[in-house]
Amino acid sequence: MACELWAGKLDAYVDGELPPADERAFREHLRGCAWCAAHSLELLQTKRAVHSAASKRFLPDASFRARMQKAFAVPRNPGRNFNWLPALAAVAAALLVVVALSFTYNRNRVRERQLMSELADLHVATLASSNPVDVVSSDRHTVKPWFQGKIPFTFNLPELAGSPFVLLGARISYLNQTPGAELIFRVRQHQISVFIFQDRAVGTVLAKEMARTELSFNVQSWSRNDLRYFVIGDASADDLDKLSSLLKSST
Amino acid sequence: MPLLDRLYNFAHWLTRNREEAEDLVQETFAKALKGFSSFQPGTNFRAWIYRILRNTFLTSHTGLKSAATVPLDSEGDNDTLLATRSTPESILLERLDHQLARQALDQLPVHYREILLLCEVEEMSYQEISATLAIPAGTVMSRLSRARRALRDTAQKMQRS
(Lines give C-alpha, C1' and ligand atoms only; values in the text may rest on other atoms or scores of the structure.)
Protein backbone atom coordinates (compact mmCIF):
# COMPACT_ATOMS: atom_id res chain seq x y z
CA MET A 1 0.00 0.00 0.00
CA ALA A 2 1.42 3.33 -1.01
CA CYS A 3 1.81 5.89 1.73
CA GLU A 4 -0.69 8.53 0.72
CA LEU A 5 0.62 11.13 3.08
CA TRP A 6 4.19 11.34 1.83
CA ALA A 7 4.46 9.43 -1.44
CA GLY A 8 4.46 12.64 -3.47
CA LYS A 9 7.30 14.14 -1.48
CA LEU A 10 9.85 11.35 -1.40
CA ASP A 11 11.84 12.82 -4.28
CA ALA A 12 12.00 16.19 -2.57
CA TYR A 13 13.20 14.43 0.58
CA VAL A 14 16.07 12.53 -1.05
CA ASP A 15 17.04 15.68 -2.94
CA GLY A 16 17.20 17.66 0.30
CA GLU A 17 14.47 19.99 -0.93
CA LEU A 18 11.86 19.60 1.83
CA PRO A 19 11.35 22.63 4.07
CA PRO A 20 13.05 22.01 7.47
CA ALA A 21 9.77 21.44 9.32
CA ASP A 22 8.57 18.92 6.75
CA GLU A 23 11.91 17.19 6.78
CA ARG A 24 11.76 16.76 10.55
CA ALA A 25 8.21 15.44 10.32
CA PHE A 26 9.20 13.06 7.55
CA ARG A 27 12.18 11.68 9.48
CA GLU A 28 9.80 10.90 12.33
CA HIS A 29 7.41 9.29 9.91
CA LEU A 30 10.18 7.21 8.29
CA ARG A 31 10.74 5.27 11.49
CA GLY A 32 7.29 3.80 11.37
CA CYS A 33 6.54 3.54 7.66
CA ALA A 34 8.14 0.64 5.82
CA TRP A 35 6.76 1.82 2.49
CA CYS A 36 8.40 5.22 2.73
CA ALA A 37 11.65 3.77 4.08
CA ALA A 38 11.89 1.28 1.22
CA HIS A 39 11.06 3.83 -1.44
CA SER A 40 13.39 6.46 -0.08
CA LEU A 41 16.11 3.83 -0.23
CA GLU A 42 15.15 3.00 -3.79
CA LEU A 43 15.38 6.65 -4.78
CA LEU A 44 18.71 7.10 -3.05
CA GLN A 45 20.06 4.07 -4.90
CA THR A 46 18.83 5.52 -8.17
CA LYS A 47 20.41 8.87 -7.40
CA ARG A 48 23.71 7.25 -6.57
CA ALA A 49 23.62 4.99 -9.62
CA VAL A 50 23.01 7.92 -11.97
CA HIS A 51 25.68 10.01 -10.31
CA SER A 52 28.35 7.38 -10.59
CA ALA A 53 27.27 6.28 -14.07
CA ALA A 54 27.06 9.72 -15.63
CA SER A 55 29.62 11.94 -13.86
CA LYS A 56 32.74 12.50 -15.92
CA ARG A 57 31.52 9.84 -18.34
CA PHE A 58 32.67 11.85 -21.33
CA LEU A 59 35.77 14.00 -21.35
CA PRO A 60 36.74 16.46 -24.05
CA ASP A 61 39.77 15.23 -25.95
CA ALA A 62 43.01 17.14 -25.99
CA SER A 63 42.67 18.70 -29.42
CA PHE A 64 39.20 20.04 -28.64
CA ARG A 65 40.41 21.37 -25.32
CA ALA A 66 43.27 23.14 -27.04
CA ARG A 67 40.92 24.58 -29.65
CA MET A 68 38.64 25.92 -26.95
CA GLN A 69 41.53 27.35 -24.97
CA LYS A 70 42.73 29.14 -28.04
CA ALA A 71 39.32 30.50 -28.89
CA PHE A 72 38.04 31.49 -25.47
CA ALA A 73 40.63 31.50 -22.72
CA VAL A 74 42.49 34.66 -21.72
CA PRO A 75 45.38 35.10 -24.18
CA ARG A 76 48.88 35.40 -22.73
CA ASN A 77 50.01 38.08 -25.12
CA PRO A 78 47.17 40.49 -25.72
CA GLY A 79 49.23 42.72 -27.97
CA ARG A 80 47.54 42.06 -31.26
CA ASN A 81 44.00 43.04 -32.19
CA PHE A 82 44.19 45.71 -29.60
CA ASN A 83 40.64 46.96 -29.98
CA TRP A 84 38.59 43.98 -29.09
CA LEU A 85 40.90 41.50 -27.40
CA PRO A 86 41.19 43.16 -23.98
CA ALA A 87 37.42 43.49 -23.76
CA LEU A 88 36.94 39.87 -24.72
CA ALA A 89 39.67 38.81 -22.30
CA ALA A 90 38.04 40.76 -19.48
CA VAL A 91 34.68 39.20 -20.16
CA ALA A 92 36.23 35.73 -20.35
CA ALA A 93 38.12 36.32 -17.11
CA ALA A 94 34.96 37.57 -15.39
CA LEU A 95 33.13 34.53 -16.67
CA LEU A 96 35.75 32.17 -15.28
CA VAL A 97 35.83 33.92 -11.91
CA VAL A 98 32.05 33.69 -11.55
CA VAL A 99 32.13 30.02 -12.51
CA ALA A 100 35.03 29.22 -10.22
CA LEU A 101 33.36 31.02 -7.32
CA SER A 102 30.04 29.31 -7.78
CA PHE A 103 31.76 25.92 -7.93
CA THR A 104 33.90 26.61 -4.90
CA TYR A 105 30.79 27.70 -3.03
CA ASN A 106 28.88 24.56 -3.97
CA ARG A 107 31.80 22.28 -3.25
CA ASN A 108 32.30 23.90 0.13
CA ARG A 109 28.65 23.41 0.93
CA VAL A 110 28.89 19.71 0.12
CA ARG A 111 32.11 19.33 2.14
CA GLU A 112 30.57 21.19 5.06
CA ARG A 113 27.62 18.81 5.04
CA GLN A 114 29.93 15.80 4.91
CA LEU A 115 31.99 17.18 7.76
CA MET A 116 28.94 17.85 9.91
CA SER A 117 27.47 14.44 9.31
CA GLU A 118 30.82 12.83 10.09
CA LEU A 119 30.90 14.66 13.42
CA ALA A 120 27.34 13.62 14.14
CA ASP A 121 28.44 10.03 13.44
CA LEU A 122 31.41 10.34 15.80
CA HIS A 123 29.12 11.71 18.50
CA VAL A 124 26.56 8.94 18.02
CA ALA A 125 29.33 6.32 17.99
CA THR A 126 30.51 7.63 21.36
CA LEU A 127 26.99 7.55 22.80
CA ALA A 128 26.49 4.00 21.54
CA SER A 129 29.87 2.72 22.69
CA SER A 130 30.10 0.49 25.75
CA ASN A 131 33.38 2.30 26.53
CA PRO A 132 32.46 5.86 25.69
CA VAL A 133 35.55 7.39 27.28
CA ASP A 134 39.23 6.43 27.45
CA VAL A 135 39.89 8.55 30.49
CA VAL A 136 37.11 8.68 33.05
CA SER A 137 37.39 11.79 35.10
CA SER A 138 35.41 14.86 35.99
CA ASP A 139 38.64 16.63 36.89
CA ARG A 140 39.96 18.86 34.15
CA HIS A 141 43.42 18.63 35.71
CA THR A 142 43.38 14.89 35.04
CA VAL A 143 41.84 15.02 31.60
CA LYS A 144 44.10 17.64 30.06
CA PRO A 145 47.43 15.94 30.95
CA TRP A 146 46.06 12.60 29.75
CA PHE A 147 46.20 13.93 26.19
CA GLN A 148 49.91 14.72 26.45
CA GLY A 149 51.83 12.87 23.75
CA LYS A 150 48.60 11.54 22.26
CA ILE A 151 47.56 14.55 20.21
CA PRO A 152 49.77 17.10 18.47
CA PHE A 153 48.41 20.14 20.34
CA THR A 154 47.19 21.23 23.74
CA PHE A 155 44.11 23.10 24.92
CA ASN A 156 42.57 24.51 28.08
CA LEU A 157 39.48 23.28 29.86
CA PRO A 158 37.12 25.63 31.69
CA GLU A 159 36.22 25.56 35.38
CA LEU A 160 32.77 23.95 35.50
CA ALA A 161 31.92 24.56 39.16
CA GLY A 162 28.71 26.54 39.39
CA SER A 163 27.63 25.55 35.89
CA PRO A 164 25.11 22.81 35.02
CA PHE A 165 27.77 20.91 33.08
CA VAL A 166 29.65 17.85 34.27
CA LEU A 167 32.78 16.53 32.55
CA LEU A 168 32.39 12.76 32.14
CA GLY A 169 35.71 12.03 30.46
CA ALA A 170 37.54 12.13 27.19
CA ARG A 171 38.84 10.05 24.32
CA ILE A 172 40.98 10.35 21.23
CA SER A 173 39.04 10.98 18.07
CA TYR A 174 40.04 11.16 14.44
CA LEU A 175 38.93 13.44 11.62
CA ASN A 176 40.47 13.22 8.17
CA GLN A 177 43.14 10.88 9.53
CA THR A 178 44.22 13.46 12.08
CA PRO A 179 43.98 12.85 15.82
CA GLY A 180 42.09 15.21 18.08
CA ALA A 181 40.35 15.36 21.44
CA GLU A 182 36.78 14.44 22.20
CA LEU A 183 35.47 15.60 25.57
CA ILE A 184 32.16 14.28 26.82
CA PHE A 185 30.03 16.52 28.99
CA ARG A 186 26.67 15.96 30.59
CA VAL A 187 24.00 18.53 31.17
CA ARG A 188 20.93 17.09 32.92
CA GLN A 189 20.16 13.92 30.89
CA HIS A 190 21.91 15.06 27.71
CA GLN A 191 25.40 14.18 26.63
CA ILE A 192 27.40 16.66 24.63
CA SER A 193 30.58 15.93 22.72
CA VAL A 194 33.19 18.61 22.30
CA PHE A 195 35.65 17.87 19.51
CA ILE A 196 38.91 19.75 19.20
CA PHE A 197 40.99 19.36 16.05
CA GLN A 198 43.70 21.36 14.42
CA ASP A 199 42.36 23.82 11.88
CA ARG A 200 44.24 22.09 9.10
CA ALA A 201 42.46 18.77 9.74
CA VAL A 202 39.21 20.53 8.98
CA GLY A 203 40.33 22.66 6.06
CA THR A 204 38.87 25.99 5.14
CA VAL A 205 35.33 24.96 4.38
CA LEU A 206 33.77 26.29 7.58
CA ALA A 207 32.99 29.82 8.63
CA LYS A 208 35.00 31.14 11.59
CA GLU A 209 31.95 30.71 13.82
CA MET A 210 28.83 28.76 13.03
CA ALA A 211 25.79 27.08 14.55
CA ARG A 212 23.39 24.69 12.88
CA THR A 213 21.36 21.54 13.29
CA GLU A 214 22.59 18.25 11.85
CA LEU A 215 20.48 15.08 12.04
CA SER A 216 18.51 16.82 14.81
CA PHE A 217 21.70 17.49 16.82
CA ASN A 218 22.61 21.05 17.58
CA VAL A 219 26.11 21.89 16.47
CA GLN A 220 28.27 24.89 17.20
CA SER A 221 31.72 25.41 15.88
CA TRP A 222 34.41 28.01 16.04
CA SER A 223 38.08 28.43 15.38
CA ARG A 224 40.52 29.84 17.91
CA ASN A 225 44.34 29.75 18.01
CA ASP A 226 44.55 27.38 15.03
CA LEU A 227 42.21 24.93 16.74
CA ARG A 228 38.73 24.10 15.54
CA TYR A 229 36.11 23.39 18.20
CA PHE A 230 32.84 21.54 17.62
CA VAL A 231 30.14 21.25 20.25
CA ILE A 232 27.47 18.74 19.33
CA GLY A 233 24.58 17.16 21.19
CA ASP A 234 20.85 16.84 21.52
CA ALA A 235 20.78 19.41 24.34
CA SER A 236 19.12 22.74 23.59
CA ALA A 237 20.90 25.40 21.56
CA ASP A 238 20.85 27.47 24.73
CA ASP A 239 22.83 24.83 26.67
CA LEU A 240 25.29 24.51 23.82
CA ASP A 241 25.69 28.27 23.83
CA LYS A 242 26.56 28.24 27.52
CA LEU A 243 29.09 25.42 27.15
CA SER A 244 30.61 27.12 24.12
CA SER A 245 31.00 30.36 26.05
CA LEU A 246 32.72 28.53 28.90
CA LEU A 247 35.11 26.85 26.49
CA LYS A 248 35.82 30.08 24.65
CA SER A 249 36.53 31.89 27.89
CA SER A 250 39.15 29.32 28.84
CA THR A 251 41.09 29.52 25.55
CA MET B 1 38.37 26.67 -18.34
CA PRO B 2 36.81 25.03 -15.30
CA LEU B 3 33.37 24.57 -16.80
CA LEU B 4 34.55 22.96 -20.02
CA ASP B 5 34.62 19.37 -18.75
CA ARG B 6 31.23 19.58 -17.13
CA LEU B 7 29.51 21.27 -20.04
CA TYR B 8 31.13 18.78 -22.39
CA ASN B 9 29.96 15.80 -20.34
CA PHE B 10 26.42 17.21 -20.30
CA ALA B 11 26.55 17.98 -24.02
CA HIS B 12 27.78 14.49 -24.86
CA TRP B 13 24.99 12.92 -22.85
CA LEU B 14 22.48 15.05 -24.73
CA THR B 15 23.86 14.55 -28.23
CA ARG B 16 25.30 11.04 -27.71
CA ASN B 17 27.97 11.96 -30.21
CA ARG B 18 31.46 13.39 -29.77
CA GLU B 19 31.52 15.76 -32.71
CA GLU B 20 28.11 17.17 -32.00
CA ALA B 21 28.99 17.59 -28.35
CA GLU B 22 32.10 19.55 -29.29
CA ASP B 23 30.13 21.80 -31.64
CA LEU B 24 27.49 22.31 -28.99
CA VAL B 25 29.98 23.32 -26.31
CA GLN B 26 31.81 25.64 -28.67
CA GLU B 27 28.60 27.32 -29.72
CA THR B 28 27.53 27.64 -26.11
CA PHE B 29 30.74 29.43 -25.15
CA ALA B 30 30.47 31.70 -28.16
CA LYS B 31 26.88 32.59 -27.31
CA ALA B 32 27.71 33.09 -23.64
CA LEU B 33 30.50 35.52 -24.44
CA LYS B 34 28.42 37.36 -26.99
CA GLY B 35 25.42 37.57 -24.71
CA PHE B 36 27.24 38.11 -21.46
CA SER B 37 25.52 41.48 -21.12
CA SER B 38 22.19 39.67 -20.95
CA PHE B 39 23.35 37.82 -17.85
CA GLN B 40 21.87 39.55 -14.84
CA PRO B 41 24.33 39.71 -11.96
CA GLY B 42 22.83 38.16 -8.87
CA THR B 43 20.99 35.50 -10.83
CA ASN B 44 22.38 32.01 -11.17
CA PHE B 45 25.26 31.92 -13.62
CA ARG B 46 25.39 28.14 -13.86
CA ALA B 47 21.69 27.92 -14.72
CA TRP B 48 22.23 30.64 -17.32
CA ILE B 49 25.01 28.90 -19.20
CA TYR B 50 23.40 25.45 -19.01
CA ARG B 51 20.23 27.02 -20.36
CA ILE B 52 22.17 28.39 -23.32
CA LEU B 53 23.65 24.96 -23.97
CA ARG B 54 20.33 23.21 -23.70
CA ASN B 55 18.46 25.69 -25.88
CA THR B 56 21.20 25.46 -28.47
CA PHE B 57 20.87 21.68 -28.39
CA LEU B 58 17.09 21.77 -28.73
CA THR B 59 17.30 23.89 -31.85
CA SER B 60 20.01 21.69 -33.38
CA HIS B 61 19.23 18.92 -35.83
CA THR B 62 19.66 16.14 -33.25
CA GLY B 63 17.81 18.13 -30.63
CA LEU B 64 14.81 18.76 -32.85
CA LYS B 65 14.71 15.11 -33.78
CA SER B 66 14.87 13.84 -30.23
CA ALA B 67 12.29 16.35 -29.02
CA ALA B 68 9.97 15.46 -31.90
CA THR B 69 10.04 11.74 -31.26
CA VAL B 70 9.31 12.14 -27.56
CA PRO B 71 6.01 13.78 -26.73
CA LEU B 72 6.07 15.41 -23.31
CA ASP B 73 3.81 13.55 -20.96
CA SER B 74 1.19 15.35 -18.93
CA GLU B 75 2.80 16.46 -15.74
CA GLY B 76 1.45 17.12 -12.32
CA ASP B 77 -0.60 14.04 -11.57
CA ASN B 78 1.15 11.56 -9.38
CA ASP B 79 -1.54 8.87 -9.34
CA THR B 80 -0.13 6.79 -12.14
CA LEU B 81 3.26 7.18 -10.60
CA LEU B 82 2.20 5.61 -7.33
CA ALA B 83 0.40 2.76 -8.99
CA THR B 84 3.50 1.68 -10.86
CA ARG B 85 5.83 1.81 -7.90
CA SER B 86 7.02 -1.60 -6.91
CA THR B 87 6.59 -3.11 -3.49
CA PRO B 88 9.26 -2.73 -0.81
CA GLU B 89 10.08 -6.44 -1.04
CA SER B 90 10.87 -6.35 -4.72
CA ILE B 91 12.94 -3.20 -4.71
CA LEU B 92 15.22 -4.31 -1.93
CA LEU B 93 16.28 -7.23 -4.06
CA GLU B 94 17.27 -5.26 -7.12
CA ARG B 95 20.11 -2.84 -7.31
CA LEU B 96 20.89 -0.64 -10.22
CA ASP B 97 24.40 -1.45 -11.30
CA HIS B 98 26.77 0.99 -12.93
CA GLN B 99 26.71 -0.37 -16.46
CA LEU B 100 22.96 -0.87 -16.48
CA ALA B 101 22.35 2.66 -15.19
CA ARG B 102 24.55 4.02 -17.95
CA GLN B 103 22.71 2.14 -20.67
CA ALA B 104 19.29 2.92 -19.26
CA LEU B 105 20.12 6.62 -18.99
CA ASP B 106 21.26 6.60 -22.58
CA GLN B 107 17.92 5.21 -23.69
CA LEU B 108 15.75 7.65 -21.77
CA PRO B 109 13.90 10.39 -23.63
CA VAL B 110 15.93 13.57 -23.63
CA HIS B 111 13.66 15.50 -21.22
CA TYR B 112 14.18 12.78 -18.59
CA ARG B 113 17.88 12.40 -19.31
CA GLU B 114 18.61 16.10 -18.99
CA ILE B 115 16.78 16.59 -15.71
CA LEU B 116 18.51 13.57 -14.14
CA LEU B 117 21.89 14.89 -15.25
CA LEU B 118 21.21 18.35 -13.87
CA CYS B 119 20.07 16.93 -10.54
CA GLU B 120 22.46 14.03 -9.94
CA VAL B 121 25.57 15.02 -11.87
CA GLU B 122 25.49 18.81 -11.73
CA GLU B 123 23.86 18.62 -8.29
CA MET B 124 21.63 21.57 -9.03
CA SER B 125 18.86 22.60 -6.65
CA TYR B 126 15.25 22.47 -7.84
CA GLN B 127 15.40 26.23 -8.21
CA GLU B 128 18.45 26.06 -10.46
CA ILE B 129 16.89 23.28 -12.51
CA SER B 130 13.73 25.30 -12.85
CA ALA B 131 15.77 28.26 -14.13
CA THR B 132 17.81 26.07 -16.49
CA LEU B 133 14.89 24.25 -18.05
CA ALA B 134 12.51 27.21 -17.82
CA ILE B 135 9.83 25.14 -16.13
CA PRO B 136 7.91 25.90 -12.92
CA ALA B 137 9.58 24.72 -9.70
CA GLY B 138 6.65 22.41 -9.00
CA THR B 139 7.16 20.63 -12.29
CA VAL B 140 10.80 19.93 -11.48
CA MET B 141 9.92 17.45 -8.74
CA SER B 142 7.22 15.62 -10.68
CA ARG B 143 9.41 15.35 -13.76
CA LEU B 144 12.36 14.12 -11.71
CA SER B 145 10.13 11.58 -10.06
CA ARG B 146 8.94 10.31 -13.43
CA ALA B 147 12.45 10.31 -14.81
CA ARG B 148 13.71 8.12 -11.95
CA ARG B 149 10.81 5.76 -12.37
CA ALA B 150 11.44 5.60 -16.12
CA LEU B 151 15.10 4.91 -15.52
CA ARG B 152 14.37 1.98 -13.24
CA ASP B 153 11.71 0.62 -15.56
CA THR B 154 14.09 0.84 -18.50
CA ALA B 155 16.86 -0.83 -16.52
CA GLN B 156 14.51 -3.62 -15.47
CA LYS B 157 13.39 -4.21 -19.04
CA MET B 158 16.99 -4.32 -20.20
CA GLN B 159 17.89 -6.77 -17.50
CA ARG B 160 15.06 -9.11 -18.46
CA SER B 161 15.79 -9.07 -22.17
Side-chain angles (χ1 to χ4, degrees), chain A residues 1-4 7-12 14-17 33-39 41-43 45-61 63-65 67-69 71-74 88 90-92 94-104 106-107 109-110, chain B residues 1-6 8-13 18 21-22 25-26 29-30 32-33 36 39 41 44-46 49 78 81-83 85-89 91-92 94-105 116-117 119-121 123 125-127 140-142 144-145 148-149 151-152 155:
Chain A
M1 246 310 263
C3 176
E4 286 176 16
K9 293 184 177 172
L10 291 188
D11 289 273
V14 297
D15 291 327
E17 294 272 350
C33 178
W35 193 91
C36 281
H39 283 87
L41 184 68
E42 177 195 20
L43 288 175
Q45 281 175 358
T46 311
K47 268 181 85 68
R48 244 179 254 144
V50 173
H51 179 83
S52 76
S55 295
K56 296 183 185 163
R57 166 84 173 91
F58 304 109
L59 281 172
D61 68 25
S63 65
F64 174 64
R65 204 187 285 273
R67 213 161 68 226
M68 290 294 286
Q69 289 280 3
F72 297 107
V74 184
L88 192 66
V91 172
L95 207 81
L96 295 185
V97 168
V98 175
V99 172
L101 284 178
S102 88
F103 270 99
T104 312
N106 274 315
R107 216 176 37 227
R109 237 181 26 185
V110 171
Chain B
M1 305 180 90
L3 206 52
L4 182 63
D5 289 9
R6 286 175 164 268
Y8 179 81
N9 185 47
F10 186 59
H12 200 146
W13 271 110
R18 176 166 287 277
E22 289 182 353
V25 171
Q26 192 159 358
F29 269 83
L33 278 178
F36 194 63
F39 173 67
N44 190 301
F45 178 79
R46 203 154 60 123
I49 197 157
N78 271 320
L81 195 72
L82 293 182
R85 281 213 187 268
S86 42
T87 62
E89 293 73 25
I91 60 170
L92 283 174
E94 44 171 273
R95 293 193 66 178
L96 206 48
D97 83 35
H98 195 77
Q99 195 58 30
L100 202 58
R102 214 168 243 192
Q103 288 166 357
L105 190 62
L116 285 173
L117 290 165
C119 183
E120 322 298 18
V121 177
E123 296 178 337
S125 66
Y126 285 6
Q127 207 187 350
V140 172
M141 190 181 76
S142 57
L144 257 176
S145 185
R148 285 174 179 145
R149 188 70 251 151
L151 183 84
R152 290 194 82 94

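Chain A is the first sequence line, chain B the second, and so forth, proteins listed ahead of strands; every chain is numbered from 1.
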Original post:
Under a 4.5 Å heavy-atom cut-off, does chain A meet the side chain of B:Ala30, its backbone, both or neither?
Top reply: both
Original post:
Between B:Gln103, B:Gln127, B:Glu120, which shows the greatest number of heavy-atom pairs under 4.5 Å with chain A?
Top reply: B:Glu120
Original post:
Do you know the tightest heavy-atom contact between A:Leu43 and B:Arg148?
Top reply: CD2-CD, 3.8 Å
Subject >> Proximal component of B:Gln99, with respect to chain A [non-hydrogen, under 4.5 Å] >> reply: neither
**OP:** Check whether any side-chain N or O of B:Asn9 sits under 3.5 Å from a backbone N or O of A:Ser55 as a donor-acceptor pair, and report yes or no.
**Re:** no
Original post:
In terms of heavy-atom proximity below 4.5 Å to chain A, should B:Arg102 be classed as side chain, backbone, both, or neither?
Top reply: both
Subject >> Closest contact, heavy atoms only, A:Ala12 versus B:Met141 >> reply: CB-SD, 3.4 Å
Original post:
Is A:Glu42 salt-bridged to B:Arg149, going by a charged N under 4.0 Å from an acidic O?
Top reply: yes
**OP:** Could you pull out the closest heavy-atom pair between A:His51 and B:Glu123, with the gap in Å?
**Re:** CE1-OE2, 3.6 Å
Original post:
Taking the side chain as C-beta and beyond, is there a heavy-atom pair between B:Arg18 and A:Asp61 under 4.5 Å?
Top reply: yes
Original post:
Just wondering, do A:Glu17 and B:Ser125 contact through their side chains at under 4.5 Å, heavy atoms?
Top reply: yes
Subject >> Shortest non-hydrogen contact from A:Lys47 toward B:Cys119 >> reply: NZ-SG, 3.9 Å
Original post:
What residue in B:Leu105, B:Leu116, B:Val25 has the most heavy-atom pairs under 4.5 Å with chain A?
Top reply: B:Val25
Subject >> Test side-chain contact (heavy atoms from CB on, under 4.5 Å) applied to B:Tyr8 and A:Arg65, step by step >> reply: CA-CA 10 Å; B:Tyr8 179 81; A:Arg65 204 187 285 273; over 6 Å; no
Subject >> Plane angle bin for B:His12 and A:Phe58 - parallel if under 30°, tilted between 30 and 60°, otherwise perpendicular >> reply: parallel
Original post:
Nearest heavy-atom pair of A:Asp11 and B:Tyr126: which atoms, and what distance?
Top reply: O-OH, 3.2 Å
